[in-house]
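One structure is given here, and the rest of the page talks about it.
Here, residue 1 is the first one in the sequence, and each next residue gets the next number.
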Amino acid sequence: MRFKVSAGYGTGLLLAALPLAEARAASPVAGPERTVLEPGLAPVPDHRRTRREILPPVTPPGFRALFDGKSLNGWHISQTSNHGSTPLVIVRDGMILGAQNPPGRGGLLVSNESFADFDLYLEVRSDWGNDSGVLFRVTEAGAGYQLTMDTLPCGSVGRLEGVGGVRMANQTPTLAATAPCWTDDPGMAAWKRDDWNVVQVRVAGVAPQVAVTVNGVQLPIAADTANSAVGGRIAGPIALQIHGGVARWQPGGLWRWRSIAIRERTADAR
């Protein structure tokens, strides 16, 4: 994949990906051989030797992969998340697949490593109607900061908020009986439904300032006015959310992640 760099207010330079299809276009595949199942019948495709190439995860220059495309090495399922502790999380065809298990119970897939300031690159795809999120500086139970990945009616993509009881100073309350319905959400406008999406995140500062791009569209810079993380932590794991409950996850729904890569930033690089 080719990359270009665009300016991001307050966070230095933000990586912006060129069209995903450019990197993900598969090589032409010859059609399958044909076979006759019974004498006198017309030939039909014979797929017994057909095999699709599984492309490796994308790792931009200067980044390192957090997902190897083959295993969950470097990750674990939280046993204390309020969304659940038994989500179905498997690796198949170069992707991490996440689903509720049993229906109604989600969970968190948590990185074994902790990170302070970083650039994060993800390629993600959801079934419509399912709520996920990218959490950072988060506890094992799921208290910390989150970037929304709410791909459902009234949802939002790329908004910064506190979760698990953490509340930013300027955060819209979400614990009321009726959650806010975003009617003008730039992240959702840039999101490609039923397709793969490139999401890039830059986190910098003790009171984090966060820049997000979705498919190359830069969202408004978000920032906390103070460090609201648990215990004032300035570093913590990254977690991928499979939302619990029945209102924000559809039966049989999946979230998919096929590239996850990170570049850690020093204070001098902020």
Side-chain angles (χ1 to χ4, degrees), residues 1-3 17-60 65-77 84 86-107 109 121-132 149-153 155 157 188-199 214-216 240-261:
M1 177 178 280
R2 295 187 292 114
F3 292 87
L18 293 176
L20 183 62
E22 181 179 326
R24 288 291 180 179
S27 301
V29 178
E33 297 179 7
R34 303 181 75 82
T35 187
V36 175
L37 300 183
E38 295 288 347
L41 298 181
V44 294
D46 185 353
H47 290 291
R48 287 173 290 186
R49 286 192 289 246
T50 299
R51 183 173 180 177
R52 180 185 296 277
E53 179 186 9
I54 303 300
L55 298 175
V58 169
T59 304
L66 292 182
F67 170 51
D68 61 14
K70 302 175 183 178
S71 72
L72 292 175
N73 288 343
W75 299 85
H76 65 276
I77 294 172
T86 60
L88 174 66
V89 182
I90 62 173
V91 175
R92 178 164 183 145
D93 297 341
M95 301 175 288
I96 298 173
L97 305 180
Q100 290 186 338
N101 179 52
R105 295 186 193 172
L109 182 65
Y121 174 91
L122 306 108
E123 292 180 3
V124 295
R125 178 172 180 162
S126 70
D127 290 342
W128 182 254
N130 298 322
D131 182 334
S132 183
M149 293 285 165
D150 304 348
T151 57
L152 69 174
V157 172
M188 284 289 283
W191 184 263
K192 295 186 289 188
R193 182 171 169 174
D194 301 323
D195 202 350
W196 287 98
N197 295 267
V198 172
V199 177
V214 178
N215 297 320
L240 306 176
Q241 180 195 66
I242 298 164
H243 206 287
V246 298
R248 303 180 73 82
W249 197 280
Q250 302 304 308
L254 289 173
W255 257 82
R256 304 163 181 84
W257 300 266
R258 71 178 180 190
S259 294
I260 309 173

Measure across [X] and [Y] and return the closest heavy-atom pair with its distance rounded to 0.1 Å.
X      : Y      : value
Pro87  : Gly106 : CD-O, 3.6 Å
Thr50  : Pro32  : OG1-CB, 4.0 Å
Gln250 : Asn130 : N-OD1, 2.7 Å
Arg193 : Trp128 : NH2-CD1, 3.2 Å
Trp249 : Gly98  : CZ2-O, 3.7 Å
Met188 : Leu152 : CE-O, 3.9 Å

Using 0.5 Å steps for rounding, measure from the [atom1] atom of [X] to the [atom2] atom of [Y].
X      : Y      : atom1 : atom2 : answer
Asp194 : Ser126 : CG    : OG    : 7.5 Å
Trp257 : Met149 : CH2   : CE    : 10.5 Å
Asn101 : Thr86  : CG    : OG1   : 5.0 Å

A side-chain contact here means heavy atoms from C-beta on lying under 4.5 Å apart; do [X] and [Y] qualify?
X      : Y      : result
Asp127 : Arg256 : yes
Trp75  : Val91  : no
Asp131 : Gln241 : yes
Thr35  : Val44  : yes
Ile96  : Leu72  : yes
Val124 : Trp191 : yes
Ile260 : Pro57  : no
Val89  : Leu240 : no

Look only at the side chain of [X] and the backbone of [Y], and say whether a donor-acceptor pair between them is shorter than 3.5 Å.
X      : Y      : answer
Arg34  : Pro43  : yes
Gln100 : Pro251 : no
Asn215 : Asn197 : no
Ser259 : Leu122 : no

Open item on the list: Using a strict threshold of under 4.0 Å (side-chain N to carboxylate O), is an ion pair present between Asp68 and Lys70?
Closed with: no
Open item on the list: If you count every heavy atom of other residues, nucleotides or ligands that lies below 6.0 Å from Arg105 atom CZ, does the total exceed 12?
Closed with: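 Count not over threshold, so no.
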Open item on the list: So, applying side-chain contact (heavy atoms from CB on, under 4.5 Å) with Trp255, which one of Thr151, Leu109, Ile242 is it?
Closed with: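 Of the listed residues Thr151, Leu109, Ile242, the side-chain contact (heavy atoms from CB on, under 4.5 Å) partner of Trp255 is Thr151.
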